[in-house]
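Here the structure is laid out as structure tokens; the discussion comes afterwards.
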Amino acid sequence: MSINLYYFRKVLAKINLSEQCKGKTILFSTIRSYPFPLHQELFLANILARKGAKVYVLLDDHQLAHWDTVQIHDKNAVMNPSAGYLHRLKARIILFLYSHRNISILYVSQFLKKGNKIVDEEDKMNIISSVRRFFECGKYMEENPEHKKYYEQSLQNCKIMKEVASELFSVIHPDAVITSHGIYSVWGTLYNYFKKKNVPVFVYGAHAYKTDEIQLTNTLAQTLSEDIGCEKFMNSCPMLSPDQERLLKDYFESRINHRTKDTNCYYAWMNDLNHWKIEKVNKDIKTFAIFPNIIWDGDIIQRDTIFNGIWDWLISTINYFKTSKHNLVVRFHPAEATLWKDSVKLKEVVQKEIPDLYDYPNIFIINSDQPIDTYDFVRNNVDVGLVYDGILTLELIYLGIPVISPAKNRFTGGDFVLSPSSRSEYYQMLVSPPVWSEYFTEERHLEFLKYSYWYFYDSCYKMPIYSDEKFGHIVYNKKTMKKMNDSGYLKLEDKLTSLG
């Protein structure tokens, strides 16, 4: 973290002061006292505090078994570091730097009355999602002792967070709650509790495709199309202006030509690209391409509709194509070979389940480290895309390729994505694939443009303390000061002021 104290003070002093939030009580479910989440949430807390709100920041003081952060590939990592002296010292320094008379720090232990909270089905969904995330395997195996142990730890987390949420509701009765994630045993429990109490809950997170911007929505990141802001934009915007369409087109082209930070990372190392051409015996044979994400990324039960997660979907689809006349291309995510090299590789998981994966002439495998330009490949070979969740949903549609998505995800809020409501309907789409010219009407094209613009532009807020160069880093420097005058930051202030 590059924290220049001179600019740190100047940036906080630059926050616009007002009394707009006077009388409001806002709770941050921060929990983790790592530097990155602390800086983010304390910066947001300062915006609210300097506008008159009473702000509470909740941190864990070694009461939780884990923080839903470490994964099985993180060798020797501490599951909950809050008892460590150095960790606590760093956290105290950051808390001191952001201190304000309207900000109070609360700790989990303050709200534990040794009550035995009962978990419900929504809690169990978060617990299982925690297990799936930690083991990076796409499913919870109850017969596995290690899975069962982590399940019990997550269950205890859930009971603790439920008791804390109940006490917080009684003691401070917040007008709004702000949290990261909103899922798993740590944040999901509190998210669900306050939602049921009709307290507005907002989930923030760094925008996946904008280096210095965040999203702040009243739903989970994995179900972003259900956000009330999205619904308002889609209903109130009759069409995009020519300038908005041009901006959107330029952005899609920058992704397809590897000029964005993530796509550049995926493709920069590929010096000699492979060029595949899948031959078809006759025109009735179609080529489907399935694009699974990294196995643990956003792998939550709340996203599942007709399949039990990305693993079940992928295995079921491959098995279906063993007897199909159509082709299936499986493109494993290039992030497995770049950004997340240490993560469990999905292909290894699939091969254990399907040992004869390479025995079928109509099933083609593209490994995560295979030097293939996905965009060039789909343009020349693919008739239909299969995506559980991911930005390829929008990119494929931009390239004129229909997308079937059998899940509730960020991009399935409109009819421009084909979303089967049952497995039989899904398999029927694989028998009789959609024809682009028939299903992609003008209405769906407009809906696609509006949603894409909302996702990439309207839903974003400038987070001035994010580094331009490196994701997950906080900076206070001249650039930070300049961003404090950006309209995107002023939009963030307005959004926070409106909460509660």
Side-chain angles (χ1 to χ4, degrees), residues 125 128-129 132 138-139 222-226 278 280 284-295 297-333 346-347 349-350 353-354 357 360 362-366 378 381-397 399-441 444 447-448 451:
M125 289 167 64
I128 292 174
S129 294
R132 279 160 51 164
K139 57 182 176 178
Q222 291 78 12
T223 57
L224 203 58
S225 58
E226 296 180 351
I278 297 178
K280 298 178 184 178
D284 293 329
I285 293 178
K286 303 299 180 184
T287 297
F288 292 76
I290 190 166
F291 300 95
N293 212 327
I294 294 173
I295 191 168
D297 188 17
D299 183 29
I300 60 170
I301 296 179
Q302 291 92 328
R303 193 175 62 173
D304 303 334
T305 54
I306 62 176
F307 289 98
N308 298 318
I310 189 172
W311 180 88
D312 180 33
W313 164 68
L314 181 58
I315 297 299
S316 300
T317 302
I318 292 172
N319 283 330
Y320 175 83
F321 272 91
K322 287 180 178 180
T323 56
S324 173
K325 70 176 183 179
H326 299 304
N327 297 320
L328 177 68
V329 178
V330 183
R331 177 31 161 162
F332 291 104
H333 203 293
L346 183 53
K347 192 185 85 167
V349 178
V350 171
E353 186 71 20
I354 309 178
L357 180 63
Y360 299 89
N362 66 322
I363 297 177
F364 305 85
I365 307 300
I366 302 177
V378 298
N381 294 281
V382 176
D383 298 298
V384 181
L386 306 175
V387 184
Y388 209 75
D389 188 15
I391 195 63
L392 262 171
T393 305
L394 300 181
E395 293 168 337
L396 291 172
I397 293 173
L399 293 171
I401 297 168
V403 174
I404 300 172
S405 183
K408 184 168 66 172
N409 63 50
R410 289 173 291 173
F411 312 111
T412 53
D415 290 337
F416 58 86
V417 178
L418 294 165
S419 302
S421 58
S422 65
R423 291 199 185 203
S424 60
E425 185 181 357
Y426 174 70
Y427 293 131
Q428 185 56 42
M429 289 180 178
L430 304 186
V431 173
S432 304
V435 178
W436 178 262
S437 59
E438 294 177 4
Y439 111 90
F440 204 66
T441 61
R444 285 174 174 159
E447 187 181 41
F448 162 72
Y451 182 81

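Hydrogens, waters and symmetry mates play no part in the numbers below; they use all other heavy atoms, side chains included.
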Does the [X] side chain pair with the main chain of [Y], one donor and one acceptor, at a distance under 3.5 Å?
| X | Y | result |
| --- | --- | --- |
| Arg444 | Tyr439 | yes |
| Thr287 | Asn327 | no |
| Ser405 | Ser419 | no |

Measure the spacing between [atom1] of [X] and [atom2] of [Y] and express it to the nearest 0.5 Å.
| X | Y | atom1 | atom2 | result |
| --- | --- | --- | --- | --- |
| Asn409 | Ile310 | CG | CD1 | 10.5 Å |
| Thr223 | Gln302 | OG1 | CD | 8.0 Å |
| Leu392 | Ile401 | CG | CD1 | 9.5 Å |

Any residue meeting side chain to side chain donor-acceptor pair (under 3.5 Å) with [X], in chain and number order, not counting sequence neighbours:
| X | answer |
| --- | --- |
| Asn362 | none |
| Glu353 | none |
| Thr323 | none |
| Thr317 | Tyr426 |

For this session: Describe, in one word, how the ring planes of Tyr451 and Phe416 are oriented to each other, choosing from parallel (under 30°), tilted (30 to 60°) and perpendicular (over 60°).
Result: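 Rings of Tyr451 and Phe416: tilted, 30 to 60°.
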
For this session: Determine, using ring centers only, whether Phe288 and Phe321 are less than 6.0 Å apart.
Result: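 Yes; Phe288 has its ring centre under 6.0 Å from that of Phe321.
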
Exercise. Which residues pass the ring-ring contact (aromatic ring centres under 6.0 Å, His included) test with Phe332, sequence neighbours left out?
Worked result: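 None.
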
For this session: Sort and list the pairs that fulfil salt bridge (charged side-chain N to carboxylate O under 4.0 Å, His left out) and have at least one residue in residues 408-427, not counting sequence neighbours.
Result: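 Of all non-adjacent pairs touching residues 408-427, those that pass salt bridge (charged side-chain N to carboxylate O under 4.0 Å, His left out) are Glu226-Lys408, Asp312-Arg423, Asp389-Arg410.
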
For this session: Would you indicate whether the side-chain heavy atoms of Leu346 and Ile294 approach each other to under 4.5 Å?
Result: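 The answer is no, as the side chains (C-beta and beyond) never meet within the 4.5 Å cut-off.
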
For this session: Take Leu328 and Leu430 through the test side-chain contact (heavy atoms from CB on, under 4.5 Å) and record every step on the way to the result.
Result: CA-CA 10 Å; Leu328 177 68; Leu430 304 186; over 6 Å; no

